[in-house]
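Below is one structure, written out as structure tokens, with a few remarks after it.
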Amino acid sequence: MKKLILALLIGGLMMTGLSAKTAVVYFSATGTTERMAKSAANAVGADIFEIQPVHKYTDADLNWHDKKSLSTIECNDPKSRPAIENKIDISGYDTVILCYPIWRSYAPKILYTFVESQNWSGKKLVTLCTSGGSGLGRSGTDLAKYAKGADFKGGKDFTRANGEEVKKYIDGLLK
């Protein structure tokens, strides 16, 4: 009887999430990436966190035609690290899925602020992006270089994908 109770307790603990935990962490300036991130989190049963910039980006800040717009200036400055308003703690997660838009073929610099602020030792990292045309490019591998200690599993553009497509992709990466 004691063995049965112990087996039920262990099984119950594993089913309540004490096994591998996944977090979706996203940055979205226009809402497109937010929709994809929420769909992904729902599909894989992950907790979700939004990276909130101290400076909220306006339409003028995001105007990629304007060489003086804030997003253009940040993209052209390799040392740019925009401040994050909220604290996100990934210490309790085994896998982190970063979701972000592509700005001028790269991840926004606020993603670098985030990855440099975390301890990635022993964590799996997956990157998912939304893009108006340039795709993921090397943004995932670039971010992984700054996520010291992370096991980078891969990344993909999911601009026009549903949650089930994202789940299938992530499940394949994490096998």
Side-chain angles (χ1 to χ4, degrees), residues 14-59 61-62 64 71 74-75 82 84-118 120 122-144 146-147 150-175:
M14 290 178 72
M15 290 176 65
T16 60
L18 291 180
S19 56
K21 286 189 69 177
T22 301
V24 169
V25 178
Y26 74 94
F27 167 72
S28 183
T30 64
T32 303
T33 303
E34 178 180 23
R35 286 187 294 279
M36 184 267 293
K38 286 180 176 180
S39 178
N42 187 48
V44 300
D47 294 336
I48 189 164
F49 303 94
E50 178 184 7
I51 297 170
Q52 299 170 355
V54 167
H55 173 86
K56 307 298 184 228
Y57 292 89
T58 65
D59 289 342
D61 292 332
L62 299 172
W64 63 276
S71 61
E74 288 176 4
C75 286
I84 297 174
E85 184 174 289
N86 58 320
K87 176 92 169 121
I88 299 171
D89 180 10
I90 61 167
S91 63
Y93 296 90
D94 302 302
T95 301
V96 177
I97 301 167
L98 284 180
C99 301
Y100 52 90
I102 293 294
W103 288 0
R104 289 150 205 82
S105 301
Y106 299 98
K109 296 299 176 141
I110 197 163
L111 270 291
Y112 292 85
T113 305
F114 174 75
V115 297
E116 290 174 343
S117 74
Q118 301 294 320
W120 291 92
K123 298 189 184 318
K124 295 175 187 140
L125 171 62
V126 175
T127 59
L128 305 179
C129 77
T130 56
S131 171
S134 61
L136 182 73
R138 62 178 214 221
S139 66
T141 55
D142 285 351
L143 284 168
Y146 291 89
D151 178 10
F152 180 57
K153 294 299 191 179
K156 190 171 179 177
D157 180 345
F158 275 105
T159 304
R160 291 161 194 80
N162 63 42
E164 286 309 309
E165 292 170 305
V166 173
K167 180 175 176 20
K168 183 178 177 184
Y169 175 74
I170 291 171
D171 287 348
L173 285 179
L174 300 178
K175 281 185 179 179

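Just so it is clear, the values below take in all heavy atoms, side chains as well, and ignore hydrogens, waters and symmetry mates.
Distance check: Leu125 CG to Thr141 OG1 gives 10.5 Å after rounding to the nearest 0.5 Å. Remark: Gln52 CD to Ile84 CD1 distance equals 10.0 Å, nearest 0.5 Å. Here CD of Glu85 is found 9.5 Å from CD1 of Ile110. Values are rounded to the nearest 0.5 Å.
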### Query
Could you go step by step and tell me if Lys168 and Glu164 meet the salt bridge (charged side-chain N to carboxylate O under 4.0 Å, His left out) rule?
CA-CA 6 Å; Lys168 183 178 177 184; Glu164 286 309 309; over 6 Å; no
### Task
Quick one: do Ser71 and Arg104 satisfy side-chain hydrogen bond (donor to acceptor under 3.5 Å, both in side chains)? Show the steps, please.
CA-CA 9 Å; Ser71 61; Arg104 289 150 205 82; 3.0 Å; yes
### Pair Tyr93-Gln118, side-chain hydrogen bond (donor to acceptor under 3.5 Å, both in side chains): steps then yes or no
CA-CA 12 Å; Tyr93 296 90; Gln118 301 294 320; over 6 Å; no
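One N or O on the side chain of Asp94 and one on the backbone of Lys21 form a donor-acceptor pair closer than 3.5 Å. Proximity of a side-chain donor or acceptor of Thr33 to a complementary backbone N or O of Thr130 within less than 3.5 Å is not detected. In terms of modelled atom types and a separation under 3.5 Å, the side chain of Thr95 and the main chain of Thr22 share no donor-acceptor contact. No donor-acceptor distance shorter than 3.5 angstrom exists from the side chain of Lys124 to the backbone of Leu173, with no hydrogens or angles considered.
The shortest non-hydrogen separation linking Cys99 to Val24 is SG-CG1, 3.8 Å. Nearest heavy-atom pair across Pro101 and Pro108 is O-CD, 3.0 Å. Nearest heavy atoms, Gly135 versus Ile102: O-CG1, 3.4 Å. Residues Gly133 and Ser131 approach most closely at N-OG, 3.0 Å, considering heavy atoms. Contact record, Glu165 with Arg160: OE1-O, 4.3 Å, taken as the closest heavy-atom pair.
Two residues are said to be in side-chain contact when any heavy atoms from C-beta on lie closer than 4.5 Å; Val96 and Trp120 meet this criterion. Under the 4.5 Å side-chain criterion, counting only non-hydrogen atoms from C-beta, Leu128 is in contact with Ile170. Tyr112 is listed as a side-chain neighbour of Asp142, based on a closest heavy-atom distance under 4.5 Å. In this structure the side chain of Tyr57 reaches within 4.5 angstrom of the side chain of Pro82, judged on heavy atoms. Contact check for Ser139 versus Thr127: no side-chain heavy atoms found under the 4.5 Å cut-off. Ile51 places none of its side-chain heavy atoms less than 4.5 Å from the side chain of Tyr100. Trp103 places none of its side-chain heavy atoms less than 4.5 Å from the side chain of Lys109.
Around the OH atom of Tyr106, the shell of radius 6.0 Å holds no more than 12 heavy atoms that belong to other residues, nucleotides or ligands. Environment of NZ in Lys153: crowded, with over 12 heavy atoms of neighbouring residues, nucleotides or ligands closer than 6.0 Å. Around the CZ atom of Phe152, the shell of radius 6.0 Å holds more than 12 heavy atoms that belong to other residues, nucleotides or ligands. Dense packing is recorded around CG of Asn86, with more than 12 heavy atoms of other residues, nucleotides or ligands lying under 6.0 Å away.
The closest side-chain donor-acceptor pair between Ser39 and Asn42, if any, does not fall under 3.5 angstrom.
Taking the six-membered ring for Trp and the full ring otherwise, Phe158 and Tyr169 have centroids separated by under 6.0 Å.
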